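This report concerns only the one structure given below.
Quick caveat, the model's predicted, so the values are computed rather than measured.
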Protein chains: 2
Amino acid sequence: MADDSSRKIKSIAASYRIVGKLQALDGAGVTELAEQMDLGKSTVYQYLSTLHDEGYVVKRGHTYHLGLKYLHHGMYARNERPVVDLAQPSLETLVDETGEVGWITCEDHGKLVTLDSMVGEHDINEKFRGQVGNREYLHAHAGGKAILAAYSDDRVTDIVESHGLPVYTEHTITDRERLFDELDRIREEGVAFNDEEAIRGYRAVSAAVTQGEETVGSITIGGPKNRLNGEYYQEELPSLIRGAINEIELRGSVESPWN
Amino acid sequence: MADDSSRKIKSIAASYRIVGKLQALDGAGVTELAEQMDLGKSTVYQYLSTLHDEGYVVKRGHTYHLGLKYLHHGMYARNERPVVDLAQPSLETLVDETGEVGWITCEDHGKLVTLDSMVGEHDINEKFRGQVGNREYLHAHAGGKAILAAYSDDRVTDIVESHGLPVYTEHTITDRERLFDELDRIREEGVAFNDEEAIRGYRAVSAAVTQGEETVGSITIGGPKNRLNGEYYQEELPSLIRGAINEIELRGSVESPWN
DNA sequence: GCCGTTCGTTCGACAATGCCGAACCGCCGG
DNA sequence: CCGGCGGTTCGGCATTGTCGAACGAACGGC
């Protein structure tokens with residue numbers, strides 16, 4: 001593995017390695033970066049000043065930080081995802097009705113990306129609030145499993161092979177067979193659950209959003225286990241989510257009819 | 001101009017040119033991009049597949065689109081800006097009180113970047129709503145002028161020289177002398193106005209947010225001219241904004257005392 | 001059902017250019 | 001005044017980004 005002898009432009013890969021490190025370190029200086037990445041000080045400097053000229057990096061004193069041009073591209077990419085506009089109104093009313101936390105997510109390069117999150121009246125442990133842009137593993141979240149269940153088995157296998165099934169809690173699904181069983185169950189029931197599989201004490205219910213034939217993301221309602229339990233968790237929320245999905249797909253087909 | 005003979009890594013600059021075009025075209029194919037940028041088809045292909053491997057670009061059918069990794073970096077860069085957490089609570093109450101639209105903005109590479117926007121009860125023409133990540137000229141917006149007024153004249157001159165003073169409406173400030181006069185006025189009064197300088201029919205009031213000695217951004221309240229006029233526009237909003245700034249800077253100095 | 005077109009993709013070879021070490025400069029503390 | 005630690009500049013070698021040409025797959029019209 002890690003072959004990547006395929007024709008890649010090394011400097012682009014290197015530039016993003018630097019960008020990632022810059023983010024991980026909350027900003028850094030030339031020397032520090034050069035040491036951490038086994039690159040010449042002058043090389044790192046050249047990368048950073050190129051990125052600076054292009055506006056993707058800012059200098060504060062003697063340390064470099066990520067610039068806000070990434071926000072421009074990122075929000076553009078977010079808004080381009082149809083699931084955002086499709087799901088927002090229905091999910092918002094769902095959040096108002098339940099008071100829980102709502103999420104709009106989609107898949108990107110085998111990860112589950114948070115596109116939007118809205119908090120209901122039960123404002124909650126900060127832990128459970130969603131950060132837009134966060135990238136999580138698909139298999140450990142309700143929204144991710146809902147999306148995987150909408151994909152073909154081949155596509156799921158590809159994703160599992162390239163990302164693995166890392167463990168978060170004792171409830172995380174960590175082997176492939178159990179995952180496929182779970183996905184079959186989700187395909188039958190139409191909703192996915194997350195029962196403390198990512199964070200202890202946190203549960204969620206989710207379903208995939210499709211536009212035409214394509215799966216474009218998922219919506220999720222989540223909250224603490226002490227409130228999400230019994231019939232509310234097992235029946236009421238799933239039924240509300242299914243209703244919202246229904247509403248969303250109706251609107252979707254009205255907005256772009258016969259397409 | 002456009003000298004850029006300075007030691008830059010050409011492939012990084014080129015990769016971001018491609019990323020920008022990809023955004024401008026709402027996704028594009030290899031051939032289309034190659035034509036628009038005067039590059040070999042194979043060259044563009046190599047860039048795109050590198051960016052794809054790195055996860056910064058997604059393929060949908062035969063067209064490439066921006067990926068969501070930019071959202072990850074972008075939201076990180078946004079959240080790192082201290083003005084977001086500092087200003088959010090005070091601005092939110094201000095928006096609730098007035099019912100207008102509120103903005104949190106900051107400067108990045110000579111542009112005014114929207115970090116957050118919140119709509120009050122007078123939900124408004126979509127035109128006036130703020131898109132997070134948007135990059136505007138500083139001189140044509142209340143938030144931008146408030147920031148410029150907090151900078152030194154040298155710094156302002158640098159920005160004006162590299163970005164110019166493009167015209168939006170007949171009220172836009174387009175010459176340097178008038179800009180500096182306006183900035184002096186803002187320094188005295190403590191608030192900046194935007195009287196149809198960016199969009200016809202749109203007015204706004206703003207003030208800069210500082211943390212310690214550093215200007216970290218600005219907060220703005222804006223809305224349609226027919227509501228923002230008379231004493232409300234000239235006295236009441238400025239006084240509310242000044243109050244919010246006061247509150248923000250008190251909290252800022254409490255959170256990081258004696259620093 | 002074939003051929004023409006158009007797209008994305010692969011490959012090889014040359015020259016441009018990314019990369020590094022070494023030297024330079026400005027700042028700070030002793 | 002000096003040593004150490006940052007960021008920055010510069011020259012030259014070898015790497016590698018670049019392009020043209022050729023390939024394969026998908027599509028559509030005669």
Side-chain angles (χ1 to χ4, degrees), chain A residues 2-22 25-67 109 154 158 213-214 259, chain B residues 2-22 25-67 109 154 158 213-214 259:
Chain A
D3 164 71
D4 61 33
S5 69
S6 60
R7 295 245 185 165
K8 274 207 296 194
I9 294 173
K10 259 184 56 183
S11 29
I12 292 181
S15 80
Y16 283 113
R17 266 184 60 224
I18 289 181
V19 166
K21 257 287 187 277
L22 226 39
L25 298 173
D26 284 319
V30 176
T31 314
E32 190 180 359
L33 279 171
E35 281 167 3
Q36 295 223 9
M37 326 196 70
D38 280 309
L39 287 173
K41 217 170 42 159
S42 50
T43 307
V44 172
Y45 175 71
Q46 212 181 158
Y47 275 100
L48 288 172
S49 44
T50 305
L51 288 168
H52 179 85
D53 283 2
E54 296 293 319
Y56 289 93
V57 140
V58 284
K59 220 189 298 190
R60 288 209 272 279
H62 279 311
T63 62
Y64 290 85
H65 295 256
L66 291 199
H109 283 272
D154 284 356
D158 280 357
E213 295 294 293
E214 214 184 355
N259 200 4
Chain B
D3 164 72
D4 62 33
S5 68
S6 59
R7 296 245 184 165
K8 274 207 294 194
I9 295 173
K10 257 184 57 184
S11 28
I12 292 181
S15 80
Y16 283 113
R17 263 183 62 223
I18 288 181
V19 166
K21 258 284 185 281
L22 226 40
L25 299 173
D26 284 319
V30 176
T31 315
E32 190 181 358
L33 280 172
E35 282 168 2
Q36 295 223 8
M37 326 196 71
D38 280 308
L39 286 174
K41 216 171 41 159
S42 48
T43 306
V44 171
Y45 175 70
Q46 214 182 159
Y47 274 101
L48 287 173
S49 45
T50 305
L51 287 168
H52 180 84
D53 283 2
E54 296 293 318
Y56 289 93
V57 139
V58 286
K59 219 189 298 190
R60 287 210 273 278
H62 279 312
T63 61
Y64 290 84
H65 296 255
L66 291 200
H109 283 272
D154 284 355
D158 280 356
E213 295 295 294
E214 215 185 354
N259 200 4

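From B/Asp53, atom CG reaches atom OH of A/Tyr16 across 12.5 Å, with rounding to the nearest 0.5 Å.
Look at B/Tyr64 and you'll find a side-chain N or O under 4.0 angstrom from OP1 or OP2 of C/dT9. Checking the phosphate oxygens (OP1, OP2) of D/dT18, a side-chain nitrogen or oxygen of B/Tyr47 falls inside 4.0 Å.
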Given Watson-Crick or G-U pairs with both distances under 3.5 Å, what dot-bracket string fits DNA chain D, with | for other-strand pairs and [ ] for crossing?
|||||||||||||||||||||||.|||||.
For residues 55-66 of chain A, run the donor-acceptor check on the side chains, cut-off 3.5 Å, and write out each pair with its distance to 0.1 Å, sequence neighbours left out.
from, atom 1, to, atom 2, distance (Å)
A/Tyr56, OH, A/His73, NE2, 2.7
A/Arg60, NH2, A/His65, ND1, 3.4
A/Arg60, NH2, B/Glu80, OE1, 3.2
A/Thr63, OG1, A/Arg60, O, 3.2
A/Thr63, OG1, A/His65, NE2, 3.1
A/His65, ND1, B/Glu80, OE2, 3.1

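Here the C1' atom of nucleotide D/dG12 and the CD atom of A/Gln46 are 14 Å apart, to the nearest Å. Going from atom NE2 of A/His52 over to atom P of D/dT9 covers 12 Å, rounded to whole Å. D/dT18 atom P lies 12 Å from atom CD1 of B/Ile9, rounded to whole Å. When the C1' atom of D/dC5 is taken as reference, atom NE2 of A/His62 falls 10 Å away, rounded to whole Å. Spacing between atom NZ of A/Lys8 and atom C1' of C/dT9 amounts to 17 Å, rounded to whole angstrom units. Rounded to whole Å, atom C1' of D/dT9 lies 15 Å from atom CG of A/Leu48. Computed from coordinates, the B/Glu35 CD to C/dC7 C1' distance equals 11 Å when rounded to whole Å. Between the P atom of D/dT8 and the CG atom of A/Asp53 lies a distance of 11 Å, rounded to the nearest Å.
Among the nucleotides D/dG17, D/dT8, C/dG18, the one closest to any side-chain atom of B/Lys10 is C/dG18.
A heavy-atom distance below 4.0 Å to DNA chain C is reached by these residues of residues 11-18 of chain B, ordered by number: B/Ser11.
At the heavy-atom level, B/Thr31 lies under 4.0 Å from the strands shown only through sugar-phosphate atoms.
A/Leu33 is not listed as a side-chain neighbour of A/Leu39, based on a closest heavy-atom distance of 4.5 Å or more. Two residues are said to be in side-chain contact when any heavy atoms from C-beta on lie closer than 4.5 Å; A/Leu48 and A/Leu22 meet this criterion. The closest side-chain heavy-atom distance from A/Leu25 to A/Glu32 is below 4.5 Å. Annotation: side chain of B/Met37 is not in contact with side chain of B/Val44 (no heavy-atom distance under 4.5 Å). Counting heavy atoms from C-beta on, the side chains of A/His109 and B/His52 come closer than 4.5 Å.
The nearest pair of heavy atoms linking B/Ile12 to A/Ser15 is CD1-CB, 3.5 Å. Between A/Tyr47 and A/Ala14, the closest heavy-atom pair is OH-CB, 3.4 Å.
Residues passing the side chain to side chain donor-acceptor pair (under 3.5 Å) test with B/Glu54, sequence neighbours excluded: A/Lys8.
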Quick test: give all pairs of protein nitrogen or oxygen and nucleotides 28-30 of chain C nitrogen or oxygen below 3.5 Å, distance rounded to 0.1 Å.
none

Quick one: which protein N/O atoms are closer than 3.5 Å to N/O atoms of nucleotides 10-14 of chain C? Pair and distance per line, please.
from, atom 1, to, atom 2, distance (Å)
C/dT10, OP2, B/Tyr45, OH, 3.0
C/dG12, N7, A/Arg7, NH2, 2.7
C/dG12, O6, A/Arg7, NH1, 3.0

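Residue order along DNA chain D, read from the 5' end via each residue's closest nucleotide, puts A/Lys59 first among B/Thr43 and A/Lys59.
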